[in-house]
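The figures that follow rest on heavy atoms only: side chains count, while hydrogens, waters and symmetry mates do not.
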Amino acid sequence: MTDKKKVIVIGAGPNGLTAAAYLAKAGTEVVVVEKNTETGGGLVTEELAGFKMNYHATYMMLAEQMPPYTDLGLSERGVRFIRPERQASFLFSGKKSFTLFTDVKKSVESIKKLSPKDAAIAGKLFEDCKAMNDAFLIPATYVPPLSPIDQVEALNTSDAIGKRIGELGDLSPYEFLDSYQFSDPRVKAGFLYLISMFGLDPGEGGMAILAPLYIERFTQNALVQGGSHQFSSAMRRVIEDAGGSIVVNNAVTGLLGKGDRVSGVKLLDGTELFADVVVSTLTPEQNFVQLPQGIAIDETLKETAQNWEWEKWSLFVSNTALIGDQPLYEGYDKEVNDALIVVMGYESADDVLAHIEEVKTGKTTRIAGHGTITSLFDPMLVPNHVPHFTTSGGYHLLRWECFAPYNDTWDKDGAAYGDRCFELWSRYAPNIKAGNIRARVDWSPLDIEGHLPTMKKGSIKHGTYTTLQMGYNRPSPECSGYRTPIKGLYLAGASVHPGGMVIMGPGYNAARVVAEDLGASLWWDEPVMVKKAREKGYFGKV
Amino acid sequence: MKKEFDVVIVGAGVNGLTAGCYLQKAGLNVAVLEKRNECGPFVLTEDIFKAGVPVDTHAGVCFLPMSPVWGDLELGKFGLDLIMSKVAAGTIWKDKNLLYYFNPTLQYKTLTQFSEKDAIAYREFMSKIAPDLPEILQKAVFSPPSDEGEDFLFSLGKYYGYSEADLRTMNGLEMLDLAYENEYVKMGFLGISDIGLFGDPIEKGEGAINTVLSAALAIGLIRGGMHNLVHSLVRCFRHYKGTLLLNAPVKEVIWENGMPAGALLEDTAPYPFKEIKAKQALIMHTSPPIALSMLGEGNIEKKDHALYRKMKKWDMTGHCAFTSYYLIEGVPQWGSRSWNPDIQQCPYPLRAWDSWEHAKTYFSNVKSGVVFGAAANVGEMYNGASVDSSRLSKEGYSVLVFEVEYPVDMRRYGGIKAWDNKELTDRLHNDHLEALDMLAPGFKSKVLKSAYFTPIDSWRRNPSAIYGHELGGDASGIQWYAGRMPNRSAVPKLYFSQSVWPPALTHLGSGYVTAGCVAEDLGIRNQPWWNHKPLELLYERIAQIF
């Protein structure tokens, strides 16, 4: 018999795996329970006809900066990030474009061709964003949230950067962007797209806090070599090597317990597992309404969970295996051919806003979005051992992604919509032909929900980002510190601070809280960036 | 992380993993290296249509019930749930069907509907062979080829009343022709014998042996999808602390002192180290042309000239699968259910010609490259939702998979390149749909989405499956039995688990046999758990169920 503390982690998505890996290495006995056959949640890579398709998560905005990457030794286990130099190109009518690079100087040069004035503004914007991100926004991802009053107080009494960040709490992302006064609507469109492409509502008051993060980090995006799933496979190995186990194909159907204490979980196949601690990565609704059995849940908590706001729009993703040449954007500056993401279909910031408003009402009339030829940066994603029989080119993997409403008609309409997206792409890159498509898999918002039920209504971040649902309020003040009013139940999913987007913050922060409560070993060090931010006083007086 | 192991296995196909499980469980330290992002390239379950609707994109049924691996590795403990339908398989025609039951009484009854004489003949044959099947399988399938083994194979004719000399001159069709009178019975058994792949039905000797051995085929369905077999193997392997590297393509085999000493990963592999050392054995679980290039032609030529010649001349052409997938509303309603309604519970219906004459000409037609219309003659269907409710989506959709073997070199239509000719492949795909609509009236109107993979798609997915070949190369003629790759080579420390005997299927025999060779050579074969007999668990299960 073992006297190890027992931990059940619900959900083998990025956060569940992160929490499980830290806790397994901390000497607890960890069991992860996963509904799907595969672990990884949104880190799903399927190989169709030899093309490795990331059905969901693809762009890693924090990549090596995520503490688990170093702490868990993921590089030894085969996780390598690829960060293309050319990050995002924006295509406009009249063969006009601009490109954002990992190197800001090059971005500025590119924007200069459209508007010299805006080039200087963009330079300043990037500089500001990076300063705020490095100092506070990224470190804050890996510490529990402070109450809004304490946080504002801490920022306001820190330094100039802190004060600047504090001011963002009053603005919407659009207002933040607007304050830079870009003169060319196309340049503004580009930055607005970066902010909103993964569902951050540009008009949401108080959410400007995330704008610097998205603007700067979405120009430092990385792919996981060999497919996103390699990331979760590596974490899974860490857990197993530390003695943890993973149960797949078995959903949790109940949280067992009595009074204010959780004692375990009930599984789909009838099994009951008991533990000292249950760490859930599920949604507030599942945690506090649907699953508890015999546990008393406070009415206000139930109400919060029932009133949880899902995101106002979702994503449509199409992965296409193509035989032939890579898409070439005819007539455009050549640099766009090698960009990680290529945004098509917008001419102004107003276009982007109009698209978002349209999608919010459930319409799919406008086609615009971005394409990524993932195989350009990672040749491992396409077969290299089979000759291609077409006259030129080779194999390419195309990924299309765009705003999409959550409708219940996607099963019927998805294919035609996917055709329209491909058709738009081929208008910009006329050398790609539908006849060269070897396989295409569309993931509509309905598929996102179907595969990943925590992403209800296609909510890729497990719930919309508003001041009422972020930071200290995510999912509610009494639960945002990863502990809950139910003893033994902890939260570690994207519905807790800092939210979704494969940044591992919830899982990482939850692991620390659980380890502390269990008296388990805190075998890892706080990242240097967090220590620095703490010294600056951004997280209050120690 | 460790970089030195007792055994390194190149390739995480199900049989490579099986070898890994046995050797790791027997106490060795094993590393399995896989080029792909996942294991089991021919045992996949993918959501190609929509989330929550699993599609087995290649192997659709599981032969583990006939295998000792099921019990030895305790795969049930590692999450494998095998469903045994009372109707394992069935052959369907437009208006009648022939089902294959585990229960001999039901089998006899169903055969009498075609011919009482044939039903009696079959019952006599089965009553003679059934008690010997575990031993037959152990010697004929789950052992490396040997001279004695070959004699044993040719002695199997006795169950049909033939001498060894008779058997050497007969093929599978002739054998069935003499054994049965009813052409549906003949077609049915020919269809069944064609899936075991223990020999080509129209080749003399091996075709007849294949027909006898097909009596031992036992089929199950894996709940939730075939890929769960891979998961259970990986879980077993990891349980015993095996090391599995994904996205780890091998550039070449490392040689030291004239022996393989490990594998060097490609420069692109996302690992900070590239050398994986193998102290005791290296198992190549990849097809001979790939294995040869990794091993280095010069090295093999020098050490074992006969092996070099065999690998150099290895034939990777032959029959390859073109598979169509249909997402449909509900489940198929077979037109032949009026004949025997149990067909609706059959996860694995076969389409096997319309007349015995057809059957005979089919094989020569395919050999000479006639492909259109083939689907109307023969095909394998996977209808998992018929017995596994987890294959039905919440909307009530299911998937039917229709797989037809074609010659990879479609020389009448432009050769191998023809497989990337969408117009042509669309036509073949449409042929499949027409055949299905004939067998299940109204099928067409139920189709919500469809897709297909060609043999070249299989090759793109599975680097070892050159031209999409399922078995690591043709398994007949000079590449049959002892003509296959050696499980244990003459080069010290070098073993093969693909393109060996038995041909790689989900009974996991190739991995089992090779693991046995390695274990014997290292003196660790004698494990208390390594002693299950073929069919042993099945017989226990049958006793429980029926």
Exercise. Please look at B:L244 and chain A and tell me whether the side chain, the backbone, both or neither of the residue comes under 4.5 angstrom of a heavy atom of that chain.
Key: both

Quiz item: What part of A:I448 is in contact with chain B, defined as an atom under 4.5 angstrom from a non-hydrogen atom: side chain, backbone, both or neither?
Solution: neither

Using a 3.5 Å cut-off and no angle test, enumerate the donor-acceptor pairs between side-chain atoms of residues 245-252 of chain B and protein atoms at least two apart in sequence or in another chain.
{"residue": "B:N247", "atom": "OD1", "partner": "A:K52", "partner atom": "NZ", "Å": "2.9"}
{"residue": "B:N247", "atom": "ND2", "partner": "A:G226", "partner atom": "O", "Å": "3.4"}
{"residue": "B:N247", "atom": "ND2", "partner": "A:Q230", "partner atom": "OE1", "Å": "2.9"}

Quiz prompt | Residue B:H227 versus chain A: region with a heavy atom under 4.5 Å | solution = side chain

Quiz item: Most heavy-atom pairs under 4.5 angstrom with chain B, which of A:P387, A:G435, A:G50?
Solution: A:G50

Practice problem: Tell me, out of A:Q225, A:H229, A:R438, A:H451, who's got the most heavy-atom pairs with chain B below 4.5 Å. | Solution: A:R438

Exercise. For the pair A:D447 and A:Y55, evaluate side-chain hydrogen bond (donor to acceptor under 3.5 Å, both in side chains) and give the outcome as yes or no after the intermediate values.
Key: CA-CA 10 Å; A:D447 293 311; A:Y55 282 179; over 6 Å; no

Self-check item: Structural part of A:N250 lying under 4.5 Å from a heavy atom of chain B
Solution: neither

Practice problem: Against chain B, work out which of A:E38, A:E449, A:R440, A:K412 has the most heavy-atom pairs shorter than 4.5 Å and name it. | Solution: A:E38

Quiz prompt | Exceeds 12 heavy-atom contacts within 6.0 angstrom, atom OH of B:Y467 | solution = no

Quiz item: Any chance the side chains of A:T409 and A:D413 put a donor and an acceptor closer than 3.5 Å?
Solution: yes

Quiz item: With distance as the sole test, does B:E46 use its side chain to make a donor-acceptor pair with the main-chain N or O of B:I48 at under 3.5 Å?
Solution: no

Quiz item: Counting heavy-atom pairs under 4.5 Å to chain B, which of A:N36, A:L48, A:V441, A:T45 comes out on top?
Solution: A:L48

Self-check item: Residue, of A:S75, A:G450, A:A415, A:G227, that accumulates the most heavy atom pairs under 4.5 Å with chain B
Solution: A:S75

Self-check item: Proximity breakdown for B:R223 and chain A, heavy-atom pairs closer than 4.5 Å
Solution: neither

Quiz item: Is it the case that more than 12 heavy atoms not belonging to B:K417 sit under 6.0 Å from its NZ atom?
Solution: no

Exercise. Under 4.5 Å heavy-atom distance to chain A, tell me which part of B:T268 shows up: side chain, backbone, both or neither.
Key: both

Exercise. Determine which pairs satisfy salt bridge (charged side-chain N to carboxylate O under 4.0 Å, His left out) with at least one residue from residues 225-243 of chain A, sequence neighbours left out, and list them in order.
Key: A:R77-A:D241, A:R236-A:E240, A:E240-B:R238, A:D241-B:R238

